[in-house]
Structures are given as structure tokens and as C-alpha cells.
Amino acid sequence: MSGDTIDSVWIGSRKQPLKSPAAEIASTLEGKRIVRVHRAGKHIVFDLEGAVPRRKETRQAASLPRGAQWIVHLGMTGRMVVSEPPAEIAKHTHLIAKLASGRELRFIDPRMFGKLSVHSAGFDPGGVEPLEVEEEQFVALFRGRKTPIKSALLNQKLLRGVGNIYADESLFRASIRPRRRAASLTREDLRRLHRAVQEVLRDAIALGGSSISDYVDADGEEGFFQLQHRVYGREGDPCLICGTAVKRVVLIGRSSHYCPKCQK
DNA sequence: ATACCGACCTGTCAGC
DNA sequence: TGCTGACAGGTCGGTA
């Protein structure tokens with residue numbers, strides 16, 4: 001992908017997935033070389049020709065000339081696939097970028113919760129990377145917040161990249177109930193949670209993610225972390241530690257699973 | 001400022 | 001065999 005050039009862009013008629021105007025997305029992408037593809041939280045970031053990597057804490061860098069960036073958020077059901085042109089165009093395909101190599105980059109998203117946008121300056125998703133954050137900084141992020149700890153874990157402005165499955169799994173491994181107020185957690189609780197989040201994410205990444213119904217990675221491969229879920233999707237099943245039935249409650253409109261005995 | 005809730009969409013599956 | 005309702009990897013904006 002890196003090094004390839006976007007020759008032309010086709011954008012579907014649905015506006016829902018577009019965070020920037022279609023014409024702006026097309027004009028920003030067309031003719032640009034993809035310098036680098038990386039991830040920031042839940043966003044896929046394409047650095048386009050002329051882009052200067054963001055540096056930490058350098059406000060004056062804002063005056064540096066910068067290339068554009070193409071930002072893709074997959075939402076719930078979004079996929080970015082690389083296809084050969086003869087490949088059938090899947091239903092719910094919202095964007096096709098024709099590359100100089102002859103391949104096509106396609107964005108497919110049935111539910112249209114995914115988002116496409118372009119930025120002319122350095123894109124900042126906010127929050128810190130959960131796999132990079134130090135223990136002390138992690139503790140400071142959550143200390144004193146009145147919100148339920150699970151809401152805080154899902155807040156992308158604090159920690160970026162943790163979603164519903166991994167929030168539940170992390171809280172189980174840290175023996176903390178989803179509804180516990182962040183402010184009520186001790187320093188030791190938060191240290192355990194820090195370790196749990198990192199452990200869950202590392203394990204999940206190693207297994208290629210969680211394929212619940214239709215998730216596959218960029219190569220179309222399913223993940224296997226769902227086989228290691230200890231509470232997510234296991235309502236009524238015995239806790240793997242104590243045998244108590246796993247509970248499911250709705251918190252901020254999201255399914256939340258926990259063991260009522262192991263998690264306090 | 002903070003925190004819930006519905007809205008945004010389509011697809012699938014269980015239950016009747 | 002349908003139909004209906006609940007639910008799904010996420011985020012936003014309105015309202016209290």
C-alpha cells in the first residue's frame with residue numbers, strides 16, 4: 001500500500017459515511033502517493049505525499065508545511081479491502097480508490113457507522129495509546145472521575161482504541177465491576193486495570209482480533225480472540241474462575257458482561 | 001462541565 | 001414460511 005499512488009477515486013451516493021464533502025475527499029486523494037499507513041486509536045491514517053509526521057508536543061510544528069491525511073474509521077461493520085479490479089463490487093461499497101499498481105482500495109460498510117475524512121494538517125485523534133501509556137499516567141487519567149469505570153475506558157478522549165469487548169474483558173481480568181465509579185477505585189485497582197488492558201489488547205492482537213459475526217482483518221482472515229472471551233457474550237454461562245453465572249447489564253447503551261462474584 | 005439517551009443504519013437470528 | 005423484536009466491534013448531539 002505504501003508507495004502506491006491513488007490515480008482516481010469513486011465515491012458512492014450515500015452521504016452517511018462521509019465526514020468531509022465527497023469532492024474534497026476525491027480532490028485530496030487523487031494523484032497522491034501513499035507515503036505511510038498507520039493507526040491512531042480506532043482510526044486508520046493514510047499519510048499522503050508531502051505529509052510530515054506529527055511530532056509530540058511541538059505546537060510550532062503547526063507552521064510547517066504538511067501534506068494531507070486520509071482518515072478512515074471502520075465503525076462497527078466497516079472494512080477496507082485491497083481488490084483486483086475484476087473482483088465483484090460488494091454491496092455497501094462506498095468508496096473505491098484506483099491505484100497506479102492496478103489494485104483497488106475499497107471501503108465497504110453495511111451499517112455506515114464508519115467514517116471517511118481528509119485532513120490538511122496533522123490529525124489528532126485525542127487520548128493516549130493504551131499499549132504505550134505508562135502506569136502512572138494511566139492512573140492519573142481515571143483518578144477522581146465520577147463516571148462508571150467502563151464509560152471512562154470507552155471514552156476515546158482518555159484512552160484511544162478500547163472498545164466494548166475489550167473494556168469488558170479488561171475489567172474482568174482486573175476484577176472490577178463495569179459500574180464502579182472511577183473515583184472509587186484505589187491506586188492498586190487502577191494498576192491492575194492498566195496491566196489488564198494491555199494484556200487483553202496484546203492477546204487479542206496476537207490472535208487477530210475477535211470475529212463475532214462478520215469481522216475479518218484486511219486480508220479477509222477471521223480472528224480467534226472470541227474463543228478466549230471470559231465474559232463478553234457469555235451471559236448465563238459459568239464464570240471460568242468461580243462458576244457463578246456471568247451477568248449482562250446495559251450501561252451507556254452497551255452490553256456489559258461481568259461476574260458478580262469475582263468483580264467488585 | 002458531566003452523564004445519560006436516542007439517533008444514526010443494515011443485517012441476522014431467535015421466537016412465535 | 002414469514003413476521004417482529006432484540007441485538008450487533010461506535011460515536012454524536014441533545015437534554016437534564
Side-chain angles (χ1 to χ4, degrees), chain A residues 12-20 39-45 71-81 89-95 107-117 123-127 130 141-172 178-184 197 200-218 220-237 246-257:
Chain A
S13 56
R14 308 300 294 266
K15 281 192 314 187
Q16 192 71 22
L18 308 181
K19 241 172 113 184
S20 306
R39 179 192 63 76
K42 296 180 182 175
H43 304 267
I44 302 170
V45 180
I71 313 297
V72 178
H73 191 301
L74 299 177
M76 299 267 250
T77 52
R79 291 179 60 193
M80 285 288 283
V81 299
I89 292 168
K91 199 176 173 185
H92 307 299
T93 297
H94 305 298
L95 179 146
F107 175 70
I108 305 160
D109 186 11
R111 282 181 80 182
M112 297 191 279
F113 285 171
K115 288 282 176 280
L116 302 173
S117 62
F123 170 71
D124 178 12
L141 275 182
F142 297 106
R143 280 225 106 162
R145 293 188 176 268
K146 293 176 190 147
T147 188
I149 184 61
K150 178 163 175 187
S151 309
L153 280 177
L154 291 176
N155 183 344
Q156 304 293 302
K157 294 276 174 278
L158 300 175
L159 217 52
R160 64 194 196 206
V162 176
N164 200 37
I165 294 176
Y166 303 122
D168 280 6
E169 293 297 315
S170 299
L171 288 167
F172 175 78
R179 272 198 214 280
R180 274 283 292 282
R181 304 276 145 185
S184 76
V197 168
V200 163
L201 292 178
R202 289 209 178 92
D203 288 357
I205 290 166
L207 291 179
S210 304
S211 291
I212 303 293
S213 57
D214 51 14
Y215 167 80
V216 288
D217 68 16
E221 300 290 333
E222 290 186 359
F224 296 96
F225 190 66
Q226 69 280 8
L227 303 175
Q228 311 261 319
H229 290 175
R230 299 182 189 175
V231 285
Y232 187 88
R234 297 193 64 245
E235 182 186 12
D237 292 348
V246 169
K247 281 195 78 168
R248 172 182 169 273
V249 295
V250 175
L251 215 162
I252 9 162
R254 317 298 307 279
S255 274
S256 302
H257 311 73

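Proteins come first, then strands; the chains are lettered A, B, ... in the order of their sequence lines, and each starts at number 1.
- Contact detail for A:Gln228 and A:Leu207: the closest heavy-atom pair is CG-CD1, 3.5 Å.
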Would you tabulate the pairs of protein nitrogen or oxygen atoms and nucleotide nitrogen or oxygen atoms of nucleotides 7-9 of chain B closer than 3.5 angstrom?
from, atom 1, to, atom 2, distance (Å)
B:dC8, O3', A:Gln16, OE1, 3.2
B:dC8, O3', A:Gln16, NE2, 3.3
B:dC9, OP1, A:Gln16, OE1, 2.4
B:dC9, O2, A:Arg111, NE, 3.0
B:dC9, N3, A:Arg111, NH2, 3.4

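- Ring planes of A:His229 and A:Phe225: perpendicular class, angle over 60° (limits at 30 and 60°).
- Residue A:Asn164 places its side chain closer to C:dG10 than to any other of B:dT10, C:dG10, C:dC7.
- The two atoms that bring A:Gln156 and A:Gly161 nearest to each other are OE1-N, 2.7 Å, heavy atoms only.
- Distance, A:Lys150 NZ to B:dA3 P: 16 Å, rounded to whole Å.
- Within the nucleic acid shown, A:Ser255 comes within 4.0 Å of sugar-phosphate atoms alone, with no base atom in reach, counting heavy atoms only.
- Nucleic acid contact for A:Asp214: base, since at least one base atom lies under 4.0 Å from a heavy atom of the residue.
- For the pair A:Leu159 CG and C:dG10 P, the computed distance is 13 Å after rounding to whole Å.
- At whole-Å resolution of the value, NE2 in A:His229 and C1' in C:dA8 are 13 Å apart.
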(request) Report the C-alpha distance between A:Phe172 and A:Val200 in whole Å, list the side-chain angles of each, state the deciding distance to 0.1 Å, and finish with yes or no for side-chain contact (heavy atoms from CB on, under 4.5 Å). (result) CA-CA 10 Å; A:Phe172 175 78; A:Val200 163; over 6 Å; no
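- Paired regions of DNA chain C, where each region holds three or more successive Watson-Crick or G-U pairs whose two hydrogen-bonding distances fall under 3.5 Å, are B:2-8 with C:10-16, B:10-16 with C:2-8.
- Between A:Lys91 and B:dT10, a side-chain N or O to OP1/OP2 separation shorter than 4.0 Å is absent.
- Between the P atom of C:dG10 and the NZ atom of A:Lys115 lies a distance of 14 Å, rounded to the nearest Å.
- In terms of phosphate contacts, A:Lys42 brings a side-chain nitrogen or oxygen within less than 4.0 Å of OP1 or OP2 of C:dG10.
- In terms of heavy-atom proximity, A:Val81 sits nearest to A:Arg79 at CG1-NH2, 3.4 Å.
- Side-chain atoms of A:Arg248 never come within 3.5 Å of backbone atoms of A:Val250 as a donor-acceptor pair (strictly under, hydrogens ignored).
- Nucleotides C:dC12 and B:dG11 have their P atoms positioned 24 Å apart, rounded to a whole Å.
- Taking atom CE on A:Met76 and atom C1' on B:dG11, their separation rounds to 12 Å, with Å as the unit.
- Which of B:dC4, B:dA3, C:dG10 sits closest to the side chain of A:Thr147 comes down to B:dA3.
- Residues A:Leu116 and A:Ser20 have side chains not in contact (no heavy-atom distance under 4.5 Å, counting atoms from C-beta outward).
- Among all heavy-atom pairs drawn from A:Asp109 and A:Phe113, the shortest one is OD2-N, 3.2 Å.
- Among the atoms of the strands shown, only primed sugar atoms or phosphate atoms (P, OP1, OP2) are found under 4.0 Å from some heavy atom of A:Gly163.
- Distance, A:His257 NE2 to C:dA8 C1': 11 Å, rounded to whole Å.
- Rounded to an integer number of Å, the gap from A:Ile108 CD1 to B:dG11 C1' is 15 Å.
- Applying the 4.0 Å criterion to OP1 and OP2 of B:dA3, one finds that A:Ser151 has every side-chain N and O outside that range.
- When the C1' atom of C:dG10 is taken as reference, atom CZ of A:Arg79 falls 18 Å away, rounded to whole Å.
- For the P atoms, the distance from B:dC5 to C:dC7 is 15 Å, rounded to whole Å.
- Closest of all the heavy-atom pairs between A:Ser210 and A:Tyr166 is OG-OH, 2.8 Å.
- The nearest pair of heavy atoms linking A:His257 to A:Ser255 is CE1-CB, 3.6 Å.
- As rounded to the nearest Å, B:dG6 and C:dA6 have P atoms that lie 13 Å from one another.
- When heavy atoms are screened at a 4.0 angstrom cut-off, A:Ile252 is found touching no nucleic acid atom at all.
- Residue A:Gln156 places at least one side-chain N or O under 4.0 Å from the OP1 or OP2 atom of C:dT11.
- At C:dG10, none of the side-chain N or O atoms of A:His73 fall inside 4.0 Å of OP1 or OP2 (strictly under the cut-off).
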(request) Verify side-chain contact (heavy atoms from CB on, under 4.5 Å) between A:Met80 and A:Leu74, making sure each step is shown before the conclusion. (result) CA-CA 8 Å; A:Met80 285 288 283; A:Leu74 299 177; 4.0 Å; yes
